[in-house]
A.B. asks: 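Pasting in a structure now, in structure tokens, and then I'll have a few things to ask.
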Number of protein chains: 2
Amino acid sequence: MSPIGKTQPTGTAGLRDSVLGRDLSFLLARANALTLAAANAALAQHGLKARSYSVLALAADDVRPTQRELAEFLRLDPSQVVALVDELEKRQLVERRTDPADRRANVLVVTDTGRALFARAQESAHAVELGLLAAVTPQDHERLAELLRLLAFPT
Amino acid sequence: MSPIGKTQPTGTAGLRDSVLGRDLSFLLARANALTLAAANAALAQHGLKARSYSVLALAADDVRPTQRELAEFLRLDPSQVVALVDELEKRQLVERRTDPADRRANVLVVTDTGRALFARAQESAHAVELGLLAAVTPQDHERLAELLRLLAFPT
DNA sequence: TATTGTTATACTCTATAACTATA
DNA sequence: TATAGTTATAGAGTATAACAATA
């Protein structure tokens, strides 16, 4: 039936030229799905997932974020942050400290072991990212990050 | 405590300059989350979500994809495609036709009403996408799509 | 009154395994 | 023996509402 002989295993190749294959939202979703899967696989050896890695990363920075800030930044519900911090705190990677300025708020502080684990996890994450970006030149890598930043943080 | 007076409502701004704020995987995830939410909101008026919109889009193209191809292309489990197609078929937007070449496979064909609905939904989706890309120039829009394609379809 | 963190709950999404019919 | 579609089910992820402590 199809004019072109089906030499491909599954025949997905043809779909890339469809309308959807040019749709930015779809490309974003698919790129994210692949990246997330690869990241989770690489982080598993450290007992982390993309979510917990992100929380640990922000704690390891000396930003001292409150849980509310984490929720907003990571686009998570505050109740989800509770579970993530619970897990990291149980593993003694981070600590909750009540903010003296606002005693309702918890500020996240990384522990020494947390910082050490993050350093190792970051290496794994970075290696995976480089693998995914194999087809992208280094300057385009930065260009892509800039463009994504515009989408991720609309003023 | 913080050196900078907290003039911002929540203080998320500082987190953007963190390590994570420069991480491509994170930017991808956040950009995707915002885009997906906006797309779903816009598609709701047509009784669609990003998922069902994608399936309808591929059916509306004359690619005649099998469900297996849809699953692979959309990174969904074949069982999820069943549910999506069930819903679209119940609304008479698409039809399942058994592929004469391989009678195990179902080929998706769009109906006239399906095509009409897709045209309207596509307009909504496109309008939303333009809104999200307000800070991106048209040529950068295309550049972003190209770079995302490299990530979304690794050879 | 409003907000932070928390708990509980329900809902959606995702992943897995088993089954059928075709190949 | 393998593959396409289907079904059922359990797990992960997400969203919502209500509550205690603090502002």
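So you know, we letter chains A, B, ... as the sequences are listed, proteins then strands, and number each from 1.
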A.B. asks: Run A:Arg16 and B:Glu72 through salt bridge (charged side-chain N to carboxylate O under 4.0 Å, His left out) and show every step you take.
C.D. replies: CA-CA 12 Å; A:Arg16 297 193 202 177; B:Glu72 196 178 324; over 6 Å; no

A.B. asks: Can you tell me the distance, in whole Å, between the CZ atom of A:Arg96 and the P atom of D:dA21?
C.D. replies: 17 Å

A.B. asks: Taking for each residue the nucleotide of DNA chain C with the nearest heavy atom, is it B:Arg103 or B:Arg75 whose nucleotide lies nearer the 5' end?
C.D. replies: B:Arg75

A.B. asks: With a 4.5 Å limit on heavy-atom distance, are the side chains of A:Leu28 and A:Leu148 in contact?
C.D. replies: yes

A.B. asks: Nearest-Å distance, CG (B:Leu74) to P (C:dC13)?
C.D. replies: 14 Å

A.B. asks: Name every residue in residues 78-85 of chain A that has at least one heavy atom under 4.0 Å from any atom of DNA chain D, in order of residue number, or write none if there are no such residues.
C.D. replies: A:Ser79, A:Gln80

A.B. asks: Which nucleotide in the list C:dT22, D:dA23, C:dG5 gets nearest to the side chain of B:Arg104?
C.D. replies: C:dT22

A.B. asks: Rounded to whole Å, how long is the line connecting atom CG of A:Asp86 with atom P of C:dG5?
C.D. replies: 13 Å

A.B. asks: Is A:Asp23 close to A:Leu20 at the side-chain level, that is, under 4.5 Å between some pair of heavy atoms?
C.D. replies: yes

A.B. asks: Apply side-chain contact (heavy atoms from CB on, under 4.5 Å) to residues B:Leu151 and A:Leu144 and explain how you reach the verdict.
C.D. replies: CA-CA 11 Å; B:Leu151 276 176; A:Leu144 176 58; 3.8 Å; yes

A.B. asks: Send over the distance from B:Asp99 CG to C:dA21 C1', rounded to a whole Å.
C.D. replies: 15 Å

A.B. asks: Return yes if some donor-acceptor pair links the side-chain N/O of B:Arg91 with the main-chain N/O of B:Gly47 below 3.5 Å, else return no.
C.D. replies: yes

A.B. asks: Tell me, which of residues 25-53 of chain A have any heavy atom that sits under 4.0 Å from an atom in DNA chain D?
C.D. replies: A:Lys49, A:Arg51

A.B. asks: Does the pair B:Arg97 and B:Glu89 meet the rule for a salt bridge (charged side-chain N to carboxylate O under 4.0 Å, His left out), with working shown?
C.D. replies: CA-CA 11 Å; B:Arg97 297 214 189 136; B:Glu89 197 172 36; over 6 Å; no

A.B. asks: Expressed in angstrom and rounded to an integer, what is the separation of A:Asp102 atom CG from C:dA2 atom P?
C.D. replies: 17 Å

A.B. asks: Could you tell me how far apart A:Arg68 (CZ) and C:dA2 (C1') are, to the nearest whole angstrom?
C.D. replies: 11 Å

A.B. asks: Using whole Å, what does the distance between atom C1' of nucleotide D:dT14 and atom CG of A:Leu76 come to?
C.D. replies: 9 Å

A.B. asks: Rounded to the Å, how far apart are A:Glu72 CD and C:dT3 C1'?
C.D. replies: 13 Å

A.B. asks: From C:dT16, C:dT6, D:dT14, pick the nucleotide closest to the side chain of B:Asp77?
C.D. replies: C:dT16

A.B. asks: Using only atom types and a distance under 3.5 Å, with no angle test, would you say the side chain of B:Thr111 pairs donor to acceptor with the backbone of B:Gln92?
C.D. replies: yes

A.B. asks: To the closest 0.5 Å, what do you measure between OG1 (B:Thr66) and CZ (B:Arg68)?
C.D. replies: 8.0 Å

A.B. asks: For A:Phe26 together with B:Phe73, are the ring centres under 6.0 Å from each other?
C.D. replies: yes

